[in-house]
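What follows is one structure encoded as structure tokens, with my remarks underneath.
Every number for a ligand or one of its atoms is a count from 1 in the order of the listing.
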Amino acid sequence: MNTLKKQVILGAYLGGVNHHTAWWDPRAGSQIEFDSFEHTARTAERGKFDFFFLAEGLALRERAGQIFDQDIIGRPDTFTVLASLAAVTDHLGLAGTINATFNEPYELARQFASLDQLSGGRAAWNVVTSFDAFTGQNFRRGGFLDHSQRYERAEETLEVVRQLWDSWRGDDIVADKENGHFLRRPDAGTFDFHGGQFDIRGRFTVPRSPQGRPVLLQAGVSPQGRDFAAGNADAIFSPYGKLPEAAEFYRDIKARAVSFGRSADDIKILPSASFVLGDTEAEAWEKYHEVRNQQVTGQTALILLEQIWNRDLSTFDPDGPVPDIEPDPDAPPIIQGRAFTYQDRFETVATLRAVSEAKKLTLRETVIDQFERGPIVGTAAQVAEKVDAFVQNDGSDGFIIGSHLVPSGLDEFVDHVVPLLQDRGVLRTEYTGTTLRDNLGLPVPHDRIPYPDPV
Ligand SMILES: Cc1cc2nc3c(=O)[nH]c(=O)nc-3n(C[C@H](O)[C@H](O)[C@H](O)COP(=O)(O)O)c2cc1C
């Protein structure tokens, strides 16, 4: 290991069918069968990745009330998938995105604590607040909370979840068979929480995590989302895969963490990224453009822009210019169920127009160019160099990598790029610990319950 250089953190991402996948490719497999999850997870572990990562999609995406067919394969339940992967992997962290808006803290704490126990300390929770009222219709409250209330609820949810996870000491179970003594203290698991959102008390049923507590990730980029992450999370799943905006986000989050009394190193920034490899750089770019052209048809390009404009753009020509009309933020949403990560529609539209003009791109070409979060394209040596340089230049602390080809796409990265990252001394050649905290170099939180008086 090269201690002078930052180590590259790697997560493996398997999403549903959308404009980042190549489901039509003859080599593409199912997005929902266990084999696909198993293959990707085993490949990630073979490549000494830190963790496997699942996003959350609780509604099929719609345009003007109709499902759009690139998105029809939904995502199966996160806990079921991650628990089954725990059985076929030994070292890989298992990270699940679950929102704090529609779930109860007691359930969340139990589910992640259980996954952590079953996996020997490899669970991580990516805490999101979910993005639209459309998804909320699936749930009991019929709805939703506005943006700031979502973060208030998420803050309090985390406070409760931490209290539940901390309600057991690591040494509470003595299981002394000779003397028939199972618990060290009779009040293990006791909790009592009274806040604005939750008013609960009782006993938590799952003993302390093998890694102290499950690891916390976050994904959300508004000022509130950034503060929430900087104050609480061990890592962020970020949408910024291109320098210099990635470096700006990195600096901002680390500074916010310090203002919360944490060290800049306590929070890792991990953009989502895709890659395309070729024997030569030209071949890699050719492959990349071929895939992107198939992923983003004219119709898909219009739908992706409709999400920003919030207008029906179906009469525009994908091979013509970017629409010259203005967005309509106040109209009822035309696209439902898709994460919206653009903070300002007007600014985004201005950027798209500027890019299209500067590079002389059509509407569709502009979407192809701009709706990719930072593809890493080139020969294996170039990709390894780009990954390493991005991390060493503080664009991030690593990447959460997905491939357009499920489930075999990650093999190429593991076979060809991973050995080069290992040669550069920035990726482990063997796992040195057993938990996800060990992989990420995160400290184990101390027991919060004071040591009981000797019995
Ligand atoms: C990179 C990224 C990935 C996200 N993935 C998901 C997801 O899988 N499921 C989900 O419900 N929300 C997801 N979100 C959205 C979050 O729900 C987020 O909390 C929401 O956008 C509101 O937060 P913000 O306004 O701070 O960005 C994601 C957001 C980002 C930035």
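Taken from CD1 in I98 to CD in E107, the straight-line distance is 10.5 Å, to the nearest 0.5 Å.
Residue Y151 places a heavy atom less than 4.0 Å from ligand 1. Residue contacts with ligand 1 do not include R226, since none of its heavy atoms lies under 4.0 Å from the ligand. For the ligand labelled ligand 1, residue N99 lies outside the 4.0 Å heavy-atom shell.
Ring pair F112/W125 is parallel by interplanar angle, where below 30° counts as parallel and above 60° as perpendicular. Using cut-offs of 30° and 60° on the angle between ring planes, the pair F52 and F37 is perpendicular. Aromatic ring pairs are classed by plane angle as parallel below 30°, tilted from 30° to 60° and perpendicular above 60°; the pair F191 and Y106 is tilted.
Atoms of ligand 1 found under 4.0 Å from any heavy atom of S222, numbered from 1 in the order shown, are 24 (P), 25 (O), 26 (O), 27 (O). Counting the atoms of ligand 1 from 1 in the order shown, those under 4.0 Å from a heavy atom of F237 are 1 (C), 3 (C). Residue E56 has at least one heavy-atom neighbour below 4.0 Å for each of these atoms of ligand 1: 7 (C), 8 (O), 9 (N), 10 (C), 11 (O). Taking every non-hydrogen atom of G225 and a distance limit under 4.0 Å, the qualifying atoms of ligand 1 come out as 26 (O).
For atom 17 (O) of ligand 1, the choice among A55, A229, S130 with the nearest heavy atom turns out to be S130. Comparing heavy-atom distances from atom 18 (C) of ligand 1 across A219, A154, G57, P223 singles out A219 as nearest. Looking at I236, V128, T129, V221, it is V221 that brings a heavy atom closest to atom 27 (O) of ligand 1.
Ring centroids of F390 and F399 are separated by less than 6.0 Å, placing the two rings close together.
The shortest N or O to N or O distance between T97 and ligand 1 is not under 3.5 Å.
Proximity of Q224 to ligand 1, defined as any heavy-atom pair under 4.0 Å, is not found for any part of the residue.
A donor-acceptor distance shorter than 3.5 angstrom exists from the side chain of R153 to the backbone of T101, with no hydrogens or angles considered.
When the options L85, V88, V414, T89 are evaluated for a side-chain contact (heavy atoms from CB on, under 4.5 Å) with E45, the one that passes is T89.
Between the side chains of N99 and S130, no donor N or O sits under 3.5 Å from an acceptor N or O.
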